[in-house]
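Just below is one structure, and these are the notes that go with it.
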Amino acid sequence: MNRVSSLLFVFFFAYTCYSQKTDTSFKYKPSFGFNFGTNYSSLWNHNATDELQIENGFGFRLGVTSSFHLKRNWFIEPKMELSFNNSNIIENNVTYRVDPNNLNFMTHFKYRMKGYNGIAKPYCYFGPNLRVPLIEENSNNYATRTTLSLDFAFGVDIELNYLIISPELRFSGGLIDIRQNPVGTTLRGSNAAFVIGFSRR
């Protein structure tokens with residue numbers, strides 16, 4: 001846990017420094033912020049048997065965000081989130097924790113829907129998500145590797161005087177096997193999340 005806390009502190013420090021040095025002379029000023037929310041793990045193996053049982057549960061996530069206005073209603077949004085997951089695999093009567101802590105590096109392509117000129121502006125986005133497990137020296141952890149997911153989300157930008165609040169529902173679908181030593185049917189790591197973002201206008 002100390003490693004996780006140290007890594008998060010370093011990232012927030014670097015992020016703060018970068019935010020202060022950002023050039024504001026662009027036509028579309030970039031914005032920076034943070035988010036937090038809950039996630040529900042959705043490990044999936046379509047050939048699961050009594051020898052491989054899956055238990056999914058709720059977890060927590062938080063991260064830092066950025067948004068760059070590309071053109072009209074399009075934005076590109078690099079993000080990094082730290083997720084605390086609650087999912088287990090029962091194999092040969094032994095219970096293993098699966099990716100209890102992950103770093104997620106995301107690049108989302110966001111489209112803000114037309115025809116909404118009030119303070120609430122709905123949007124959707126999609127993009128890749130690189131999921132990196134944080135290794136812990138624990139024999140009860142299942143051996144996993146860095147994997148790739150594809151994110152889809154719907155949300156609303158609520159524009160206040162100096163702040164944008166963005167609640168959203170996101171689904172992250174696993175594309176490849178999460179196991180270090182894949183054998184047999186692919187085990188995919190997906191999740192659904194409800195996240196609230198905060199950024200400056």
Side-chain angles (χ1 to χ4, degrees), residues 4 7-8 11-12 15 32-48 52-68 70 74-89 96-113 122-136 141-157 164-180 182 185-199:
V4 174
L7 182 61
L8 195 60
F11 184 83
F12 270 102
Y15 161 80
F32 301 88
F34 66 95
N35 64 10
F36 64 88
T38 185
N39 58 266
Y40 184 82
S41 297
S42 182
L43 294 176
W44 182 78
N45 181 322
H46 79 268
N47 196 32
L52 181 61
Q53 298 177 356
I54 295 173
E55 295 178 342
N56 292 309
F58 285 96
F60 177 76
R61 64 194 308 120
L62 73 162
V64 290
T65 65
S66 58
S67 181
F68 300 87
L70 296 178
W74 285 95
F75 301 77
I76 184 169
E77 300 192 335
K79 304 170 185 175
M80 189 187 92
E81 292 178 3
L82 174 63
S83 63
F84 302 90
N85 308 305
N86 182 16
S87 56
N88 300 309
I89 283 180
Y96 299 94
R97 300 171 66 202
V98 180
D99 287 350
N101 304 310
N102 279 344
L103 276 177
N104 298 268
F105 299 92
M106 298 162 282
T107 302
H108 294 148
F109 298 91
K110 172 180 170 180
Y111 177 74
R112 183 178 283 175
M113 299 176 188
Y123 63 85
C124 60
Y125 66 67
F126 66 93
N129 180 344
L130 187 66
R131 168 176 162 156
V132 182
L134 298 179
I135 306 300
E136 294 183 0
N141 288 346
Y142 204 72
T144 59
R145 60 180 177 174
T146 299
T147 57
L148 185 66
S149 301
L150 186 61
D151 291 351
F152 301 90
F154 294 92
V156 179
D157 284 335
I164 300 176
I165 302 175
S166 304
E168 66 182 40
L169 290 172
R170 179 199 306 160
F171 177 75
S172 181
L175 300 178
I176 58 178
D177 202 317
I178 68 172
R179 297 172 294 180
Q180 282 188 4
T185 306
T186 299
L187 179 66
R188 301 183 190 277
S190 303
N191 67 78
F194 174 70
V195 178
I196 302 176
F198 298 86
S199 59

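The figures that follow rest on heavy atoms only: side chains count, while hydrogens, waters and symmetry mates do not.
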Which atom pair, heavy atoms only, marks the closest approach of [X] to [Y]?
{"X": "F58", "Y": "N86", "value": "O-CB, 3.0 Å"}
{"X": "P167", "Y": "Y123", "value": "O-OH, 4.0 Å"}
{"X": "P128", "Y": "L150", "value": "N-CD1, 4.1 Å"}
{"X": "F171", "Y": "S190", "value": "CZ-CB, 4.1 Å"}
{"X": "N191", "Y": "S41", "value": "CB-CA, 4.1 Å"}

query: Checking side-chain contact (heavy atoms from CB on, under 4.5 Å) for the pair L43/I89: CA distance, chi angles, key distance, verdict?
result: CA-CA 9 Å; L43 294 176; I89 283 180; 4.2 Å; yes

Rounded distance [0.5 Å steps], [atom1] in [X] versus [atom2] in [Y]:
{"X": "L70", "Y": "K110", "atom1": "CG", "atom2": "NZ", "answer": "11.5 Å"}
{"X": "R61", "Y": "N85", "atom1": "CZ", "atom2": "CG", "answer": "7.0 Å"}
{"X": "L130", "Y": "L148", "atom1": "CG", "atom2": "CG", "answer": "6.5 Å"}
{"X": "N104", "Y": "N129", "atom1": "CG", "atom2": "CG", "answer": "4.5 Å"}
{"X": "I178", "Y": "N102", "atom1": "CD1", "atom2": "CG", "answer": "8.5 Å"}
{"X": "I196", "Y": "F34", "atom1": "CD1", "atom2": "CZ", "answer": "10.0 Å"}

Side chain to side chain, [X] and [Y], heavy atoms closer than 4.5 Å:
{"X": "D99", "Y": "R131", "result": "yes"}
{"X": "T146", "Y": "P133", "result": "yes"}
{"X": "V98", "Y": "L187", "result": "no"}
{"X": "P122", "Y": "F154", "result": "no"}
{"X": "Y111", "Y": "F126", "result": "no"}
{"X": "N35", "Y": "E168", "result": "no"}

message: Ignoring hydrogens and geometry beyond distance, is a side-chain donor-acceptor pair present between N56 and S87 at under 3.5 Å?
response: no

field: S172-D151 side chain donor-acceptor pair, cut-off 3.5 Å
entry: yes

field: Verdict with supporting geometry, E81 and K79, salt bridge (Lys or Arg N to Asp or Glu O under 4.0 Å)
entry: CA-CA 7 Å; E81 292 178 3; K79 304 170 185 175; 5.8 Å; no

task: Show the numbers, then the answer: is there a side-chain contact (heavy atoms from CB on, under 4.5 Å) between F198 and F36?
output: CA-CA 9 Å; F198 298 86; F36 64 88; 3.5 Å; yes

Side-chain ([X]) to main-chain ([Y]) donor-acceptor, under 3.5 angstrom:
{"X": "T38", "Y": "G59", "answer": "yes"}
{"X": "R170", "Y": "F152", "answer": "no"}
{"X": "Q180", "Y": "T144", "answer": "yes"}

query: Going through the distances and angles, do F68 and I76 end up as a side-chain contact (heavy atoms from CB on, under 4.5 Å)?
result: CA-CA 5 Å; F68 300 87; I76 184 169; 3.8 Å; yes

Residues, nucleotides or ligands: over 12 heavy atoms within 6.0 Å of F60 CZ: yes

message: If you apply the rule side-chain contact (heavy atoms from CB on, under 4.5 Å), what do you find for T147 with R188, and how did you get there?
response: CA-CA 9 Å; T147 57; R188 301 183 190 277; over 6 Å; no

task: Tell me whether the centres of the aromatic rings in F109 and Y125 are closer together than 6.0 Å.
output: no

- request: Could you label the plane-to-plane angle of the Y142 and Y96 rings as parallel, tilted or perpendicular, counting under 30° as parallel and over 60° as perpendicular?
  value: perpendicular

